[in-house]
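Take a look at the structure set out below.
Note on naming: letters A, B, ... go to the chains in the order of the sequence lines (proteins, then strands), and numbering restarts at 1 for each one.
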Amino acid sequence: MNKPRGTQDILPSEVHKWHHVESTFRDVCRRFGYKEIRTPLFEYTNLFKRGVGETTDVVSKEMYTVFNSREYTNYIAKRELMDAPPLDVMKDFMNDKNGMTLKPEGTAPVARSFVENKMYADSQPTKMYYVTACSRHERPQAGRLRQFHQFGVEIFSAYGASADAESIAVADTFMRELGLTNIELNINSVGCPECRPKYHEILKSFLSSKLDKLCETCQERYEKNPLRILDCKNPSCQAELVEAPVMLDHLCDDCEDHFGKLKTYLEAMGVEYVIDPKIVRGLDYYTKTAFEFISGEIGAQSTVCGGGRYNKLVAEIGGPETPGVGFGMGIERLIMTLEANGIEFPAPATPDLFIVAMGEEALAPAVGLTQKLRLKGISADTDHMGRSMKAQMKFADKMNATHTVVLGSNEIDQGKAQIKNMESGEQTEVSITDIDSIVAIIKG
RNA sequence: GCGGUUGUAGUCAAGUGGUUAAGACACAGGAUUGUGGCUCCUGCAUUCGUGGGUUCGAAUCCCAUCAGCCGCCCCA
């Protein structure tokens, strides 16, 4: 048996890295005033269709969508009774009955919960963070898995650019605290429903004369999503685009003002940024601010963190008109970047005491002592393998136990034993019934 | 969805048609009958991702399949 393609086991030998980044993230969020939210593994498919956008790659071809087979059967039966034309029943069913989709991203579920739980009725803004697994059916490659994990934050109800700046500052502070310095923040504005359509027309008229010189995919993008042409990696397309108009030069007054303030606030917080007019996000809900944190060390998937403002999302999924801004960060990519930069993770905890049990007679007293120490908060362990004393000592050494104690018939008869400090080799005699003094020696 | 590449023990690997598949690390046991790290000794793949085929003979050649890795697209 093997694990599904594109999934990963986080092994005991690796998990301390996850604990470290998770606890650092939680602590940064605490200081910024964000509270954790946990949403379900799966949602009704329509949430993502409406929230993320039906035409996006994520929704149109990467979602893990499932449905309840009994509902499906009932649905077909009903249609037959109604004598309805069952053309593409499966698709029909999934649109009508919703189906369920494993969440491919974190923002839409959080927005759904914001609306469903009427959080907009509380004092605003609402500031939340999440740590979650996401699933997307893509071809795995470096820094890309089918099940991956995200940190993210969302701020609802704040129109001002200080909220955009704050969410960026959360990511920036977090990564700095982990020791990451050579990671670049790129910012842009993708406009709003006021100015973006106008810009599209300007861009299309610029491109219309050059259309035949663009690559095939860009020619397709011309009608569907002309913005995407800007970040085509094909060098010949890029050559045609040097003079291309950029969204930033065609923002409406409101977006222009917002972007200017964002820069001011970032500077006030000491967050360094680079303006990249070519950032285009593939999720439909972004308006105004879009940003990415880029690392050059994890293969082709260089975006460690991506986010922006989404003023239309909450209304789109049926809530009151409410602005929002936030980011998502790939935990696997983050850890890869930390490793590529040689950043050390805090060493995993090691046992405080290993109790060497000599022979089966000693095992009951050893197990008993182990338990008493554990109840006192000590990480204590003893032999489960029936090993010789020497082998148990080797094992204790391999586990990096800081102390050992040998329990044999002598110790049990006399009620005294030698606790050995494994680093110094020093031994201290203790009464094996005096738990507090054993604890005192171990805590040194 | 498309393209490239790799597949020999827990890990890194040698082997490129001819009897028992190197080596290293790891793991396990031992080296004066009660104390770890160093050293030494011993053990550890009836089998080379899987299934077919070619051949007197296949880890080595061919086909298929699966898996991993990398890239495109897109995204975290």
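Within 4.0 Å (heavy atoms only), Gln147(A) reaches no atom of the nucleic acid at all. Looking at heavy-atom distances under 4.0 Å, Gln301(A) makes contact with a base. Using a 4.0 Å heavy-atom cutoff across all strands shown, Gly152(A) reaches no nucleic acid atom at all. Across all strands, Val406(A) comes closer than 4.0 Å to base atoms (heavy-atom distances). Within the nucleic acid shown, Leu145(A) comes within 4.0 Å of at least one base atom, counting heavy atoms only. Counting any heavy atom pair closer than 4.0 Å across all strands shown, Gly106(A) reaches no nucleic acid atom. Using a 4.0 Å heavy-atom criterion, one finds that Ala401(A) contacts no nucleic acid atom at all. Among the atoms of the strands shown, none is found under 4.0 Å from any heavy atom of Ala396(A). Using a 4.0 Å heavy-atom cutoff across all strands shown, Gln392(A) reaches no nucleic acid atom at all. Across all strands, Cys134(A) comes closer than 4.0 Å to no nucleic acid atom at all (heavy-atom distances). Counting non-hydrogen atoms under 4.0 angstrom, Arg387(A) reaches the backbone sugars and phosphates but no base. Note on Lys420(A): a base of the nucleic acid sits closer than 4.0 angstrom, heavy atoms only. Using a 4.0 Å heavy-atom distance criterion, Asp57(A) is classed as a sugar-phosphate-only contact.
Heavy-atom minimum distance, Pro197(A) versus Cys192(A): CD-O, 3.9 Å.
Counting distance only, with no hydrogens placed and no angle test, the side-chain atoms of Glu423(A) and the base atoms of G37(B) include no donor-acceptor pair under 3.5 Å. Contact annotation: side chain of Gln141(A) to base of C69(B), donor-acceptor pair absent below 3.5 Å. No donor-acceptor contact under 3.5 Å links the side chain of Glu292(A) to the base of A76(B). Scanning atom types as modelled, no donor and acceptor separated by under 3.5 angstrom connect the side chain of Arg144(A) and the base of G71(B).
Separating the P atom of A9(B) from that of C48(B) is a span of 10 Å, rounded to the nearest Å. Between the P atoms of A58(B) and G52(B), the separation comes to 14 Å (whole Å). Distance noted for atom P between C66(B) and U50(B): 15 Å (whole Å). When the P atom is compared between C62(B) and G37(B), the two are found 50 Å apart, to the nearest whole Å. Of the P atoms belonging to C74(B) and G15(B), the separation is 42 Å, rounded to the nearest Å. Comparing C40(B) with A13(B), their C1' atoms are spaced 25 Å from each other, to the whole Å. Comparing the P positions of U35(B) and G30(B) gives a spacing of 14 Å, expressed to the nearest Å. A gap of 37 Å separates the C1' atoms of U47(B) and C2(B), to the nearest Å.
For Glu426(A) and G37(B), the CD to C1' distance is 18 Å, given to the nearest whole Å. As a whole-Å value, the separation of Asp9(A) CG from A67(B) P is 16 Å. Per the geometry, CZ belonging to Arg5(A) stands 14 Å off C1' belonging to G7(B), to the nearest Å. Note: CD (Glu429(A)) to P (U35(B)) measures 17 Å, nearest angstrom. The interatomic distance linking Asn421(A) (CG) with U35(B) (P) rounds to 18 Å, in whole Å. Atom NZ of Lys61(A) is separated from atom C1' of C73(B) by 6 Å (rounded to the nearest Å). Atom CZ in Arg139(A) sits roughly 11 Å away from atom P in C69(B) (whole-Å rounding). In this entry the distance linking CE of Met393(A) with P of G37(B) reads 9 Å, nearest Å.
When ring centroids are compared, Tyr129(A) and Phe25(A) come within the 6.0 Å threshold. Tyr310(A) has its ring centre less than 6.0 Å from the ring centre of Tyr285(A).
Note on Ser388(A): a side-chain N or O is less than 4.0 Å away from OP1 or OP2 of G30(B). Put simply, Lys398(A) has a side-chain N or O that comes within less than 4.0 Å of OP1 or OP2 on C27(B). Within the 4.0 Å cut-off from OP1 or OP2 of G30(B), not a single side-chain nitrogen or oxygen of Lys390(A) is found.
The pair Lys17(A)-Glu339(A) counts as a salt bridge, with a side-chain nitrogen and a carboxylate oxygen less than 4.0 angstrom apart. Electrostatic pairing of Arg374(A) and Asp352(A) does not count as a salt bridge here, judged by no charged N lying under 4.0 Å from a carboxylate O. Using a 4.0 Å cut-off between charged side-chain N and carboxylate O, Arg31(A) and Glu177(A) make a salt bridge.
Base-pair partner of U11(B): A24(B) (Watson-Crick or G-U wobble, both distances under 3.5 Å). Base pairing annotation: C56(B) forms a Watson-Crick or G-U wobble pair with G18(B), both donor-acceptor distances under 3.5 Å. The nucleotide G37(B) finds no pairing partner, because no Watson-Crick or G-U wobble arrangement with both distances shorter than 3.5 Å includes it. Of all nucleotides present, only C70(B) satisfies the Watson-Crick or G-U wobble test against G3(B), with each distance under 3.5 Å. Nucleotide A64(B) is matched to U50(B) when pairs are restricted to Watson-Crick or G-U wobble geometry with both distances under 3.5 angstrom.
Comparing A76(B), G34(B), G37(B) by their nearest atom to the side chain of Tyr286(A) picks out A76(B). Taking the side chain of Asn410(A) as heavy atoms from C-beta on, and the options G34(B), A76(B), G37(B), the nearest nucleotide is G34(B). Nearest to the side-chain atoms of Met389(A) among the listed nucleotides C72(B), U35(B), A76(B) stands U35(B). Picking from C74(B), G36(B), G34(B) the nucleotide with the shortest atom distance to the side chain of Glu62(A) gives C74(B).
Relative to the ring axis of Tyr265(A), Lys263(A) does not place its NZ or CZ within 45° and under 6.0 Å from the centre. Relative to the six-membered ring of Phe395(A), Arg387(A) meets both conditions, a distance below 6.0 Å and an angle of at most 45° to the axis.
In this structure, Leu407(A) and Phe395(A) both approach RNA chain B, and ranking their closest nucleotides by distance from the 5' end singles out Phe395(A). Of the residues near RNA chain B, Ala391(A) and Gly425(A), the one whose nearest nucleotide (by heavy atom distance) lies more toward the 5' end is Ala391(A).
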Which side-chain N or O atoms in residues 109-116 of chain A pair as donor and acceptor under 3.5 Å with protein atoms at least two apart or in another chain?
| from | atom 1 | to | atom 2 | distance (Å) |
| --- | --- | --- | --- | --- |
| Arg112(A) | NE | Glu116(A) | OE1 | 3.0 |
| Arg112(A) | NH1 | Glu43(A) | OE1 | 3.0 |
| Arg112(A) | NH1 | Glu43(A) | OE2 | 2.5 |
| Arg112(A) | NH2 | Glu116(A) | OE1 | 3.4 |
| Ser113(A) | OG | Asn117(A) | ND2 | 3.0 |

